[in-house]
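Contents: one structure, followed by commentary.
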Amino acid sequence: MAVLTIRRNTNMATCMGMVARVGGTALNRAGLFTPQRWSSRSSLYEHVREGYSDKPELDMTLVCEHTDKVMANVESRKGDLRGDDVRDIVCVWQQLQAIRRDISDLEEQKNHISDTVRALVVSETLILFHQSLPEYNQARQRGREIRTTLSQLYPRESELEQEHYGRALRLPNTTHPDVPIGDESQAKVVELVGQKPVFDFKPKGHVELGEELGLIRQRHLAHVSGHRSYYLRGVGARLQTALQNLALDTLQRRGFIPLVVPDMLKGAVFEGCGMQPNAHRSQVYSLDPARFPDLNLAGTGEVGVAGYFMDHAVNWKDLPVRTVCSSTCYRAETDTGRETWGLYRVHHFNKVEMFGVTADETGEESSHLLDEFVSLQKEIFSSLELHYRVLDMPTQELGPPAYRKYDIEAWMPGRNSYGEISSGSNCTDYQSRRLNILYEKEDGTLQYAHTVNATACAIPRTIIAILETHQTKEGTVRVPRALQPYLGLEVIEKPKYSPLKYIGPNQPSRPPRPTPKTR
């Protein structure tokens, strides 16, 4: 046992020396190193420790055996994790595995000693004289030493495990070999669909069109709902419902199962999906922790659907499972310098989301499902008679969970540019390993599933593309043929009712306030 302990301590010392050379770390009282640059707190691990879920089973064999490749992958992604952090992650994992082996060896010895003592006690020759028997006393003394050592190792194992998950859960997914490397400027145009609309007049933006047609209101809302909020009224509200129903009908005809999801979810679900609700400048809204501990508003229906499958196994006969939900999404949009006006970047919006769970037998199932989802996106946007392009997104635009991601950008004449209206991602087993999403094979064994998600219709941005693409010289908007049965209109015109008149303060010419009535 002494040799075993020396070997383990030597491994830890070597590992800690390597970390010291990396820099940016500090030793704590247990002799473990903790990062100075970012917090290692993990909502998912806290969720596990409270007994709600099994521990995430990360592929640490890949990280340890191909460390250089993992480092290069981390460096190609956007985020607070750096390549050198991977060595720290490997180091913590090696320490954790060493202590676990020590504990396992000691527990085996403890059980053997218990069996020896039990055999001596029941022996007929020891009934009266066992207290003075050297073998009995030596066994009991050794048992006490092992229990003392274990009492020291158990908390060290717990601290190392917490450190491991706090770091390793931040690792991004692996990357498809064909994904372009770099920032958004490196996105590869896969396909152009449709033609740019040609106008014999200067096209208007969606805000101007929406206000003139009584569809959209964004003015005078700072004191009502804050910046980046909006109202849809009349045909504007009907347009949202029509788009939702068009997308839902299209997908349900293809075998998608509809699902209504919660808007508020625990931080563990977000983290399992690859998001960080507790991160600095997070895009996630969190409820008051004093009243509603660990509840956050979902920024996409993907989180709610993933939570539905969390800690569950799908029968292999049902794979792939295709799910669709329509939900309200909430995003903090902390980068307030971008798209401050209009519907393009807002704090709340409705979205129809596709989510798929596939097998992982050939390794290609999830790639095929992503292609299917992109094909459905194209079908919906082509039915809306939009001009758009499909982009294979580069590494810095993938986010942590995606193995590969396609964006679709529609041409928006009022902005005179393309704007993203949807995306689709193959997350392979990244989310399933963290959230324990599995499938049960015919022989009863369990296997980690792959997950795929894609936007079927993000309502505000689709409204932008429709209004700006199908506007007319007369100031009306032509309704795409596929949408007409849902909207009940062929053309969007000005409503017969008058627009509301603002009578609040901070205006150059304010109408007089009403005079008191005499009683």
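Please read all numbers here as calculations on a predicted model, not as lab measurements.
Side-chain contact between Glu302 and Met275: present, with at least one pair of heavy atoms (C-beta onward) separated by less than 4.5 Å. A 4.5 Å side-chain heavy-atom check between Met71 and Arg87 finds at least one atom pair inside the cut-off. Between Asp54 and Val48, the closest side-chain pair of non-hydrogen atoms is not below 4.5 Å. A heavy-atom distance below 4.5 Å is found between the side chains of Arg322 and Glu372. With a 4.5 Å cut-off on side-chain heavy atoms, Thr451 and Ser366 do not count as touching. Considering only heavy atoms from C-beta on, Glu57 comes within 4.5 Å of Tyr448 through its side chain. Using a 4.5 Å heavy-atom threshold, the side chains of Ser53 and Met310 count as touching. You'll find the side chain of Val357 reaches within 4.5 Å of the side chain of Ile437, heavy atoms only.
Within a 6.0 Å sphere centred on CD of Glu490, other residues, nucleotides and ligands contribute 12 heavy atoms or fewer. The number of heavy-atom neighbours closer than 6.0 Å to OH of Tyr308, taken from other residues, nucleotides and ligands shown, is 12 or below. No more than 12 heavy-atom neighbours from other residues, nucleotides or ligands sit within 6.0 angstrom of CD1 on Ile181.
A donor-acceptor pair shorter than 3.5 Å can be found between the side chains of Asn350 and Thr328. Counted by atom type alone, Thr428 and Asn173 present one or more donor-acceptor pairs between their side chains at under 3.5 Å. The closest side-chain donor-acceptor pair between Gln195 and His387, if any, does not fall under 3.5 angstrom. Between the side chains of His450 and Tyr430, not a single donor N or O lies within less than 3.5 Å of an accepting N or O. Side-chain contact check for Glu385 and Ser382: no donor-acceptor pair (N or O, by modelled atom type) lies under 3.5 Å. In summary, the side chains of Gln431 and Arg434 do not present any donor paired with an acceptor at a separation below 3.5 Å, with no hydrogens or angles considered.
Distance alone, capped at 3.5 Å, is enough to place a donor-acceptor pair between the Gln471 side chain and the Glu468 backbone. The main-chain N or O of Thr476 is found under 3.5 Å from a side-chain atom of Thr472 such that the two form a donor-acceptor pair. A donor-acceptor pair is defined here as one N or O able to donate and one able to accept, closer than 3.5 Å; no such pair exists between the side chain of Arg228 and the backbone of His347. At least one donor-acceptor pair closer than 3.5 Å links the side chain of Asp85 to the backbone N or O of Arg82. Between the side chain of Thr455 and the backbone N or O of Cys457 there is no donor-acceptor pair closer than 3.5 Å.
Between Tyr52 and His47, the angle of the ring planes stays under 30°, which puts this pair in the parallel group of the 30/60° scheme.
Distance check: Asn416 CG to Lys202 NZ gives 10.0 Å after rounding to the nearest 0.5 Å. With rounding to the nearest 0.5 Å, the separation of CD1 in Ile421 from CD1 in Ile466 is 9.0 Å. Remark: Asp294 CG to Glu50 CD distance equals 8.0 Å, nearest 0.5 Å. Between the NZ atom of Lys55 and the OH atom of Tyr165 there is a distance of 6.0 Å, given to the nearest 0.5 Å. Here the CG atom belonging to Leu467 is positioned 12.5 Å from the CZ atom belonging to Arg478, to the nearest 0.5 angstrom. Of the inter-residue distances, the one linking Thr445 atom OG1 with Leu438 atom CG reads 10.5 Å to the nearest 0.5 angstrom.
Only one option out of Lys351, Glu409, Arg461, Gln377 pairs with Ser422 in a side-chain contact (heavy atoms from CB on, under 4.5 Å); it is Gln377. A side-chain contact (heavy atoms from CB on, under 4.5 Å) with His470 is found for one member of Leu483, Leu384, Leu386, Ile492 and no other, namely Leu386.
Arg254 has no carboxylate O lying under 4.0 Å from a charged side-chain N of Asp249, or vice versa, which leaves the two without a salt bridge. A salt bridge between Lys78 and Glu397 is present, with a side-chain N of the basic residue lying under 4.0 Å from a carboxylate O of the acidic one. Glu157 and Arg100 are joined by a salt bridge, as a carboxylate oxygen and a charged side-chain nitrogen come within less than 4.0 angstrom of each other. A salt bridge links Asp88 with Arg167; the closest basic N to acidic carboxylate O contact falls under 4.0 Å. Looking at Lys441 and Glu361, a side-chain N of the basic residue comes within less than 4.0 Å of a carboxylate O on the acidic one, giving a salt bridge.
The side-chain contact (heavy atoms from CB on, under 4.5 Å) test applied to His348 returns Ser229, Tyr230, Tyr330, not counting sequence neighbours. Applying the side-chain contact (heavy atoms from CB on, under 4.5 Å) rule to Thr250 yields the partners Leu246, Arg253, Glu379, Ile380; only residues at least two apart in sequence or on another chain are considered.
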Going through the checks in order, is the side chain to side chain contact (heavy atoms under 4.5 Å, CB included) test met by Leu58 and Leu169? CA-CA 8 Å; Leu58 308 180; Leu169 286 170; 4.0 Å; yes
Decide side chain to side chain contact (heavy atoms under 4.5 Å, CB included) for Val390 and Val189; before the verdict, give the C-alpha distance in whole Å, the side-chain angles of both, and the deciding distance to 0.1 Å. CA-CA 6 Å; Val390 182; Val189 178; over 6 Å; no
Decide yes or no on side chain to side chain contact (heavy atoms under 4.5 Å, CB included) for Leu391 and Ile408, but give the supporting numbers first. CA-CA 6 Å; Leu391 303 176; Ile408 292 183; over 6 Å; no
Derivation of the side chain to side chain contact (heavy atoms under 4.5 Å, CB included) call for Asp360 and Gln447: CA-CA 8 Å; Asp360 179 25; Gln447 177 74 29; 4.3 Å; yes
Working for ring pair (Phe, Tyr, Trp, His ring centres under 6.0 Å), residues Phe309 and Tyr439: CA-CA 10 Å; Phe309 288 99; Tyr439 63 94; over 10 Å; no
Could you go step by step and tell me if Tyr45 and Glu161 meet the side chain to side chain donor-acceptor pair (under 3.5 Å) rule? CA-CA 9 Å; Tyr45 181 66; Glu161 184 179 81; 2.6 Å; yes
Can you list the steps and then say if Asp80 with Arg170 is a salt bridge (Lys or Arg N to Asp or Glu O under 4.0 Å)? CA-CA 9 Å; Asp80 58 2; Arg170 293 175 179 263; 3.2 Å; yes
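Closest of all the heavy-atom pairs between Leu370 and Val452 is CA-CG1, 3.9 Å. Glu271 and Ser42 make their closest contact through OE2-OG, 2.7 Å (heavy atoms, listed as atom of the first residue, atom of the second, distance). For the pair Gly356 and Leu369, the tightest heavy-atom approach, listed with the atom from each and the gap, is CA-CD2, 3.7 Å. Here the shortest heavy-atom pairing between Gln218 and Gly342 reads OE1-N, 2.7 Å. Heavy atoms only, all atoms of each residue included: Lys378 and Tyr388 are closest at O-OH, 3.1 Å. What you find for Arg77 and Thr395 is that their closest heavy atoms are CD-O, 3.3 Å.
Between Tyr418 and Trp411, the ring centre distance stays below 6.0 Å.
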